[in-house]
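Working notes, structure below.
Residue indices begin at 1 and follow the sequence shown.
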Amino acid sequence: MREGLIPTVLGTAVAASGVAMRGKFPMAAAAVAGFGLAHVVLGAIDLVEHRNRGRSF
């Protein structure tokens with residue numbers, strides 16, 4: 001499995017759940033969505049680094 005894929009997928013699920021609960025708990029929803037988006041960004045960085053690591057120029 002590609003490195004960084006699991007944090008990206010889980011971060012997407014966490015961000016979506018944070019957005020889904022924004023009507024009832026707006027402060028908690030913002031925190032959960034931000035936490036999920038941070039994981040998406042960090043996972044995407046890992047995916048890009050892993051993709052470029054295999055190349056030799």
Exercise answer: donor-acceptor pairs, residues 8-20 side-chain atoms, under 3.5 Å, sequence neighbours excluded:
unit_1	atom_1	unit_2	atom_2	d
T8	OG1	G4	O	2.7
T8	OG1	A44	N	3.4
T12	OG1	T8	O	2.8
S17	OG	A13	O	3.4
S17	OG	V14	O	2.8

When rounded to the nearest 0.5 angstrom, what is the spacing between NE2 in H50 and CD1 in I45?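 It is 15.5 Å, given to the nearest 0.5 Å.
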For residues 23-37, dump all side-chain donor-acceptor pairs below 3.5 Å to protein atoms at least two apart in sequence or in another chain.
none

